[in-house]
Structures are given as structure tokens and as C-alpha cells.
Amino acid sequence: MGNITKIDETQNLLAKFWQRSELTAGKEFPALSDGLRFFPGTSEEVVVSSSPADGTALGKIRLASVADYSAMVETARSAFDFWKNVPAPRRGEIVRQIGDAFRKHKVELGALVSLEMGKIYQEGLGEVQEIIDVCDFAVGLSRQLYGLTMTSERPEHRLYEQWHPLGVVGIISAFNFPVAVWSWNAMIAAVCGNVSIWKPSEKTPLCAVACMNIVHEVFAANDLPAGIMTLAAGNAEVGKAMAADERVGLVSATGSTRMGRSVAQAVAARFGKSLLELGGNNAVILTPSANLDLALQAVTFAAVGTCGQRCTTTRRLIVHRSLIEEVERRLVDIYSQISKRIGHPLNPDTLVGPLIDSAAVEQMQAALRSVVEEGGQILFGGQKHESLGGNYVVPAIVRASNDMPTVQKETFAPILYLMPYDTLDEAIAYNNAVPQGLSSAVFTNDLRESERFLSASGSDCGIANVNIGTSGAEIGGAFGGEKETGGGRESGSDAWKAYMRRQTVTVNYGSTLTLAQGVKFE
Ligand code: UN1
């Protein structure tokens, strides 16, 4: 697997990659796929996907209409009748082959993620690796999917529970992880016996088409029916239709808290299930016993990686008062080094790529203006990058306090708010005093401090790390968070249970009827 060093080389790889789909011979990419075939969308809306790196048009897509989406759900439903009866380990074997197909295309897909989303190539590769990892995990899971067996209070009775698939799983994904988050859902859903329909972000539709190209190889080679994994690249109306659609058993949505709230309400109104992974406002607590070199390296990656556009990005740094001056000085120094490494995401020297679009640049500027009005002080960066122009910004460090309204909000940009604390209890209180509850971390070499942070009186987040930044979670753990983050858990651990329905079974293998709770009915 070679390293990509030249953009031309990448474009050649991409050209090869697209050859498969006949529709791409024309000018438009297909918005729909049933896993075996690609179809053009039929809505009025055509989006041009252009690289946030330099504005180059990568391709255009006529989006799927709500009717297109609806037809795809019907294809998925008919595939479910077949797929749910395939033994789970056999479903796992298909996912194993899908993982291998992603291994084969890691370089091209990593480059496309980098081009279309703007994250650096290393992170593009990392994202494809998350797909491969989750496929491996799902393969193992396909021989598990355990239910519990309980003892029955009645003689000659057996009591146990088993898990069945839900049916159609709807996946709404965001631009910042244009391929990995789909795979967390689609692969786990698939080994559980579900079929899925994917509505990707309108900002990254080509990544979705590319993934469908890859799964296509496996579905076709195994003579599988259409509809096991499907794509409907539409606008927000398609997302709304999915949320309200009784044919969709689970809607798994990643994105803003505002979007998640409307999805959750529509899904709840029809008693469907939802799995939400929404905003984060993640903090790192830096204590006096911390290894400062390790901590600052970790904080920098977590704060500026993906140009601050991960839901796990470190947005707040809560520093012991005795360290605050040293930390400010050293971080400003690190950030001035980093700011020399801002540039095209496919350039191997780049550490920070662009923001997704000009609206994101404007939101960053607006957040900085308001935090300054609220009393914050910019210590470094924050401006648009002078020579690169476009969507490039210089990551910012801001001295602020936790209760400032702007600090309470998630701004999807590289702004790190620094604030001092005196006692660990105070630091933990700051960590928790935001509406979001995704990720958190403490840097300490004091066992009492780390255990306190991890205790029931500690971090209230879904992810709590010690001596590791807030981002870059492995797929083996359950991923998600509390409060406005939405409460869902995806990818590892027992997150698979969200994709299945639990059935409690009681079997009477005797020949007398015994009622539970000792009830007599004679
Ligand atoms: C996201 O930003 O939506 O933990 C997902 C991480 C990645 C996933 C982030 N593995 O940063």
C-alpha cells in the first residue's frame, strides 16, 4: 500500500476507482444504489461536490427525491425477507469480504475522503481503517449475538431471551466522518440480519457512492439480492421522510443537536427506535501531576485534528492554576509551529487542512467575535489563512471562562478555550457544566485524581479517558454520549443490541400448566 505524495497520482487512482459504475461515464454520479446497481436521482436538485481544499469540482449528483428513497426502502424490505434467514455467521462471512474489499481500496478511498471532506490524507486513511476494523469486529460478533438464559420459577420450564433483527435500519451520516460512521451502523446492522438505507451528508455524496462501489463487488460476487445495503443521497426532506417512515425500524443519526432533536421526535411519534450521536463540547483537565509533554501533544491533536471538526474534538482545556501560564506559553508556541503546516490535505507535510466550506469559516469568525464580546481573549490564531485563502483558518487559542454562552456551544472549528481551576472538584464541575456529554479526559499521574474523574461523581460523558485526548476512539468500545449528545451507542461492545429486538421465551416442556406467581386458576 503506497503512500500518496502527489495530487496527480491521487487523481489517477480516483479515475480508476470510478470506472466501475457505467453511470459515471456521463457527467453525473448516481445518487441511488441498491448494492448491485446504481441509479440517477430524480429530484430537481443537483449538487456539485467540490473539494474544500481548493474548490475543484469533483463531480455532480442529481439528488434522490423522497419517492426515490421510498422505492429504495421497498427494495431493502424485500431483501430483508432473504437476509434475516441467512445464518448470522454466513452474514459475517459477507462482511468479512466487505472488510477485505475496503482493505484493497484503502488508498483510493482515503484519498477521496481527504479530497471531498478536507481532512488530511493520514486521517482519511484512518477513517477507512475504522471501516476495516468495524468489519472485523462485526465478523466476530456474527458468531455471538448472545441472549441470556435464566432459571425459571416453574418446574419443567425454560426461560431465556433471544435477539432478532429489526428490519430496515436508516443511517443519516454527517460530512465530518463521511464513510466510517456509515460503516459502524451498516456492518453491525448487517451481521444482526438487518438491511440498511444510507442518507449521507449532501456535502460528501461522492464518498458514499465510492463505498457503494466497494460493497457492490462483494454483493455481486456472492449472488446476493439487491437491497441489503442501499444508498439514497437526498436532501433534508429525505432525512425527514426516513424519520417519519414506519417501514424503518431504527434511525441512526449523526449530526447537530438540532437535527437530532427533530429526528428523535418524529421517530418517537411512531414508536420507532432512534440512535443518536450528536454534538460534543469535550474538555481535557490538566492536573499538576500530568506529564505535560504527553498532555500537550495529545491536546493539540485532539483540538486541531480534522480542523476541529470531530464531534470528539477537544474544545475546552481546564488547567490547574499553577500551570496556566506555562501551558498558555507552550501551546502558543506549538500552535505557531502548527500554523506553518496548514495546507492542502493531500500534501504529506500538512497537519491542518481546510474547514468544510465558507459557512464554517464564517461560523468560526462569529464564535470568536462573540466570545471576545463576552470577555474572552484570543491568545493565538483564529483568522482566515492569509496566503491560502479559501476555507483555510489558523487554529485559535482563547482564554475564556466556562459559563460564557459561546463556550457552552459546539462550534465546528478549531477553537480551544483555556480556563484555570483550583480544585479537582471544580474542574470536574466545569467538565460537566455544558449541555453536551460526549467525550472527556484527564491528564494525571495521581491515581486518586483519575479514579475520582472516573467515579460516579466524575465525568458525566459517554467517553472518559485518562492520559489520552478526547478524540480518536477505537471501534471496540461503545461510542456515544449523554445529554444533548443524544444517548446512543454505536460500533463496539454491546452496541449491536440497538439493532435488534429482544424476545423473552418461556418453554413448558412438562405436561401440567403451572402459573407464575403461584396463581391458582382451576
Ligand atoms: C465523529 O466525529 O462523529 O473518536 C466520530 C473519534 C473517531 C470518531 C469520531 N473515532 O474521534
Side-chain angles (χ1 to χ4, degrees), residues 33-37 72-105 128 130-147 160-171 173 179-198 208 211-231 247-252 273 275 475-476 478 489-503 505:
S33 170
D34 63 15
L36 293 179
R37 291 159 299 176
M72 214 41 83
V73 174
E74 280 311 307
T75 310
R77 263 156 61 99
S78 53
F80 179 58
D81 289 338
F82 162 80
W83 188 241
K84 68 183 173 191
N85 292 315
V86 173
R90 173 75 196 141
R91 298 193 294 249
E93 164 54 18
I94 300 301
V95 170
R96 187 192 65 75
Q97 293 179 35
I98 292 176
D100 279 352
F102 277 98
R103 277 186 174 87
K104 197 167 91 194
H105 293 295
V128 184
E130 279 202 41
I131 303 183
I132 296 166
D133 292 344
V134 92
C135 286
D136 287 354
F137 178 85
V139 176
L141 202 54
S142 73
R143 289 190 180 266
Q144 301 177 53
L145 306 176
Y146 303 129
Y160 70 99
E161 58 190 24
Q162 58 178 354
W163 295 85
H164 289 309
L166 291 173
V168 181
V169 170
I171 305 167
S173 65
V179 299
V181 172
W182 159 73
S183 76
W184 295 351
N185 288 283
M187 302 309 155
I188 305 287
V191 295
C192 292
N194 299 293
V195 294
S196 59
I197 181 154
W198 180 16
C211 287
M212 294 311 291
N213 268 273
I214 294 171
V215 296
H216 158 103
E217 278 179 21
V218 176
F219 290 135
N222 287 276
D223 286 327
L224 289 167
I228 296 171
M229 290 181 197
T230 58
L231 170 72
R247 298 170 300 172
V248 178
L250 170 73
V251 179
S252 174
K273 292 180 200 279
L275 197 173
I475 62 91
R489 292 297 185 277
E490 292 174 303
S491 89
S493 185
D494 65 350
W496 61 270
K497 289 180 178 168
Y499 301 82
M500 301 198 88
R501 61 188 168 87
R502 183 196 306 247
Q503 189 167 64
V505 180

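One-based numbering along the sequence shown. Predicted model, so just to flag it, every value in this text is computed and none were measured.
The pair Asp100-Arg96 counts as a salt bridge, with a side-chain nitrogen and a carboxylate oxygen less than 4.0 angstrom apart.
You'll find the side chain of Val191 stays beyond 4.5 Å of the side chain of Tyr499, heavy atoms only.
What you find for Gly99 and Ile132 is that their closest heavy atoms are O-CG1, 4.1 Å. Smallest separation of non-hydrogen atoms from Ala101 and Val218: CB-CG2, 4.0 Å. Closest heavy-atom contact between Val179 and Cys211: CG1-SG, 3.4 Å. Summarising the geometry of Val95 relative to Ala190, their closest heavy-atom pair is CG2-CB, 4.1 Å, with the distance given to 0.1 Å. Nearest approach of Val195 to Ala76, heavy atoms of both residues: CG2-O, 3.4 Å. Between Cys192 and Pro165 the shortest heavy-atom distance is O-CB, 3.2 Å.
Gln503 pairs by the side-chain contact (heavy atoms from CB on, under 4.5 Å) definition with Gln162, His164, Arg501, Val505, not counting sequence neighbours. With sequence neighbours excluded, the residues that form a salt bridge (charged side-chain N to carboxylate O under 4.0 Å, His left out) with Asp136 are Arg103. Among residues two or more places apart in sequence or in another chain, the salt bridge (charged side-chain N to carboxylate O under 4.0 Å, His left out) test is passed with Glu74 by Arg77, Arg247.
At distances below 3.5 Å, not a single donor-acceptor pair connects side-chain atoms of Asn194 with backbone N or O atoms of Val168. When atom types are taken as modelled, the side chain of Arg502 and the backbone of Glu161 share no donor-acceptor pair closer than 3.5 angstrom. A donor-acceptor pair under 3.5 Å is formed between the side chain of Ser183 and the backbone N or O of Ala180. At distances below 3.5 Å, not a single donor-acceptor pair connects side-chain atoms of Ser493 with backbone N or O atoms of Gly476. Checked by atom type and distance alone, the side chain of Ser491 pairs as donor or acceptor with a backbone atom of Ile475 at under 3.5 Å.
Using a 30° and 60° split on the angle between ring planes, Trp182 and Trp198 fall in the parallel class, below 30°.
Between Phe219 atom CZ and Asp34 atom CG the span is 10.0 Å, to the nearest 0.5 Å. Rounding to the nearest 0.5 Å gives a distance of 9.0 Å between SG of Cys135 and CD1 of Ile188. Summarising the geometry, atom CE belonging to Met500 is positioned 5.5 Å from atom CG belonging to Leu145; distances are rounded to the nearest 0.5 Å. Remark: Asp494 CG to Tyr146 OH distance equals 12.5 Å, nearest 0.5 Å. Taking NE2 from His216 and OG from Ser33, the interatomic distance works out to 8.5 Å, rounded to the nearest 0.5 Å. In this structure, OG on Ser142 lies 11.0 Å from CZ on Phe137, to the nearest 0.5 angstrom.
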Show your working on side chain to side chain contact (heavy atoms under 4.5 Å, CB included) between His105 and Asn213 and close with a plain yes or no.
-> CA-CA 10 Å; His105 293 295; Asn213 268 273; over 6 Å; no
